[in-house]
*Asks:* 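Can you read through this structure? Questions will come right after.
These figures come from a predicted structure and were not determined experimentally. The first residue in the sequence is number 1, and the count goes up from there. When a ligand or atom number is given, it counts from 1 through the structure's own listing order.
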Amino acid sequence: ILLGLVLLFSVIALIISHYMSKKAMFPITYAFSRQQEFTADASHELRTPLSVMLSSINALELVIDLEEDSYEKKIILGMKKEVKRMTGLVSDLLTLARSGSDAIELNKETFDLQPIVEEVINSVCPLAEAKEINLHYDTPKQLILTGDSQRLTQLLYILLDNAIKYNRSGGETSLSLSIRDKELWVTVKDTGIGIDPAYYNRIFERFYRADQARSRELGGYGLGLSIAKWIVESHDGTIQVKSELDKGSTFIVRLPIQ
Ligand code: ADP
């Protein structure tokens, strides 16, 4: 019995000391992981009420048949836009909060990226058209690589969305993919407002926006590029930016091909 009790106490003492040492030795990491956990839980919980709100607004829009430029219609459309924006923010927060832990498992497979590029181009086309931006793309007929196709699709969206959002009306946006020395090069170029070199590193930080006012007005929260960086790095790649104020920016992603 005595031996059993000693063993039990040792195990309890070990668990307590493990917990305490984690908190005492790595207070920042510990606080950070608690914060990440909280952000992940909170964003997860926020998703349900937001999707309920969005379906209620959609239902309301159908039930009350309002005239296109009536005041009420504008209010409903405004609500819908904000709920969608918030849904995007919540989903970005969830991705980022989980990205530092083991909670997100990359779903790596071998696939052809070429048809995905076409899909992404088709979906961002209306955004480009609305700003009268010339959108070009150039990709080999087949782009077989190993990676998480969903995350790599998200990466293309983020870069193209920015290259349209921060462009001027009538400008150019191009996406080019090529294989060089066992690496996939993804280049997204625009002729937009550009980025001050002083902010090159900061734009990849969470919630950082180089031009607060403009970015907010365009609907950004400053999370896209931190998600892009996480996606690239979790595929052992690199992301770089070159830019000139008032002339445009080029984002270059290099991913090793296995
Ligand atoms: P946001 O949601 O604000 O666009 P991102 O993380 O995607 O967030 O980008 C961070 C900031 O980097 C943006 O607010 C903007 O100031 C700047 N930025 C990103 N892409 C471009 C671009 N193609 N041209 C000019 N500025 C850009």
Side-chain angles (χ1 to χ4, degrees), residues 36 39 43 46 50 81-100 117 120-121 123-138 150-177 185-234 237-254:
Q36 274 189 317
T39 314
S43 355
L46 282 168
L50 281 172
K81 192 174 148 214
E82 287 308 310
V83 171
K84 278 189 179 167
R85 211 158 85 89
M86 182 80 87
T87 309
L89 168 68
V90 163
S91 126
D92 285 353
L93 278 176
L94 190 60
T95 308
L96 278 175
R98 285 175 171 173
S99 64
V117 171
V120 176
I121 290 286
S123 359
V124 296
C125 224
L127 300 176
E129 272 169 15
K131 274 184 91 168
E132 291 174 7
I133 286 169
N134 233 325
L135 183 62
H136 317 268
Y137 75 100
D138 172 27
Q150 239 179 315
R151 295 291 170 196
L152 292 172
T153 310
Q154 188 178 11
L155 170 72
L156 295 179
Y157 268 117
I158 293 171
L159 296 179
L160 278 173
D161 182 54
N162 281 347
I164 294 170
K165 213 161 59 176
Y166 300 109
N167 212 328
R168 299 168 201 292
S169 97
E172 308 265 325
T173 290
S174 68
L175 163 70
S176 134
L177 293 102
W185 285 57
V186 181
T187 309
V188 180
K189 201 169 173 182
D190 67 65
T191 54
I193 60 170
I195 304 161
D196 188 323
Y199 302 134
Y200 280 3
N201 284 330
R202 302 221 60 195
I203 54 170
F204 294 99
E205 288 171 15
R206 293 166 192 203
F207 292 111
Y208 191 81
R209 294 179 300 204
D211 183 339
Q212 297 277 350
R214 183 146 19 180
S215 164
R216 174 138 190 84
E217 178 196 318
L218 294 168
Y221 283 103
L223 291 177
L225 286 180
S226 32
I227 295 182
K229 187 167 185 262
W230 166 69
I231 297 174
V232 170
E233 287 177 354
S234 58
T238 56
I239 181 163
Q240 269 185 309
V241 57
K242 287 185 204 158
S243 182
E244 210 175 322
L245 270 180
D246 293 327
K247 293 236 164 94
S249 312
T250 305
F251 283 82
I252 303 168
V253 171
R254 287 164 64 177

*Asks:* Quiz question: by atom type and distance under 3.5 Å, do the side chains of T173 and N167 form a donor-acceptor pair?
*Replies:*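 Indeed, the side chains of T173 and N167 share at least one donor-acceptor pair under 3.5 Å.
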*Asks:* Salt bridge between D92 and R206, side-chain N to carboxylate O under 4.0 Å?
*Replies:*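 Salt bridge: no.
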*Asks:* Taking the non-hydrogen atoms of S249, is any one of them nearer than 4.0 angstrom to ligand 1?
*Replies:*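 Contact present.
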*Asks:* Taking 4.0 angstrom as the limit and counting only heavy atoms of G194, give me the atoms of ligand 1 inside it, by number and element.
*Replies:*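 Contacts of ligand 1 toward G194, numbered from 1: 25 (C).
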*Asks:* Look at atom 5 (P) of ligand 1 and find which of L225, V241, T191, L160 reaches it with the closest heavy atom.
*Replies:*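 Shortest heavy-atom distance from atom 5 (P) of ligand 1: L225.
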*Asks:* One pair to check against side-chain hydrogen bond (donor to acceptor under 3.5 Å, both in side chains): S243 and Y200. What are the steps and the verdict?
*Replies:* CA-CA 9 Å; S243 182; Y200 280 3; 4.8 Å; no
*Asks:* Would you find a donor on one side and an acceptor on the other, under 3.5 Å apart, between the side chain of K131 and the backbone of I164?
*Replies:*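 Yes.
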*Asks:* Check whether any N or O atom of G222, backbone or side chain, sits under 3.5 Å from an N or O atom of ligand 1, and answer yes or no.
*Replies:*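 Checking ligand 1 against G222, an N or O pair does fall under 3.5 Å apart.
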*Asks:* If you measure every N/O of G224 against every N/O of ligand 1, is any gap under 3.5 Å?
*Replies:*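 For ligand 1, there is an N or O atom that lies under 3.5 Å from one belonging to G224.
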*Asks:* Does F251 come within less than 4.0 angstrom of ligand 1, counting non-hydrogen atoms of the residue?
*Replies:*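 Distance cut 4.0 Å: F251 passes for ligand 1.
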*Asks:* Mind checking whether Y208 contacts ligand 1 via backbone (N, CA, C, O), side chain (CB onward), both or neither, at a 4.0 Å heavy-atom cut-off?
*Replies:*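 Answer for Y208: backbone.
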*Asks:* Numbering the atoms of ligand 1 from 1, which are under 4.0 Å from a heavy atom of L223?
*Replies:*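 Numbered from 1, ligand 1 contributes 6 (O), 8 (O).
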*Asks:* Can you say whether the rings of Y208 and Y199 are parallel (under 30°), tilted (30 to 60°) or perpendicular (over 60°)?
*Replies:*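 The rings of Y208 and Y199 sit tilted, inter-plane angle from 30° to 60°.
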*Asks:* Suppose I only count heavy atoms of K165 and a 4.0 Å limit; which atoms of ligand 1 are within that range?
*Replies:*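 Those of ligand 1 that fall under 4.0 Å from K165 are 1 (P), 2 (O), 4 (O).
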*Asks:* Near Y221, which atoms of ligand 1 are under 4.0 Å from a heavy atom of that residue?
*Replies:*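 In order of number, 2 (O), 3 (O).
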*Asks:* May I have the step-by-step check of salt bridge (charged side-chain N to carboxylate O under 4.0 Å, His left out) for D246 and R168, ending in yes or no?
*Replies:* CA-CA 10 Å; D246 293 327; R168 299 168 201 292; 3.6 Å; yes
*Asks:* Count the heavy atoms of every other residue, nucleotide or ligand shown that sit under 6.0 Å from CD of E132, and state whether that count exceeds 12.
*Replies:*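 Not more than 12 within 6.0 Å, no.
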*Asks:* Could you tell me whether the side chain of T191 and the main chain of E172 form a donor-acceptor pair under 3.5 Å?
*Replies:*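 Pair found, side chain donor or acceptor close to backbone of E172.
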*Asks:* Under 4.0 Å, heavy-atom basis, I'd like to know which part of D190 is in contact with ligand 1: side chain, backbone, both or neither.
*Replies:*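 Side chain only.
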*Asks:* What do we get for N162 next to ligand 1 when only non-hydrogen atoms under 4.0 Å count, side chain, backbone, both or neither?
*Replies:*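 Both backbone and side chain.
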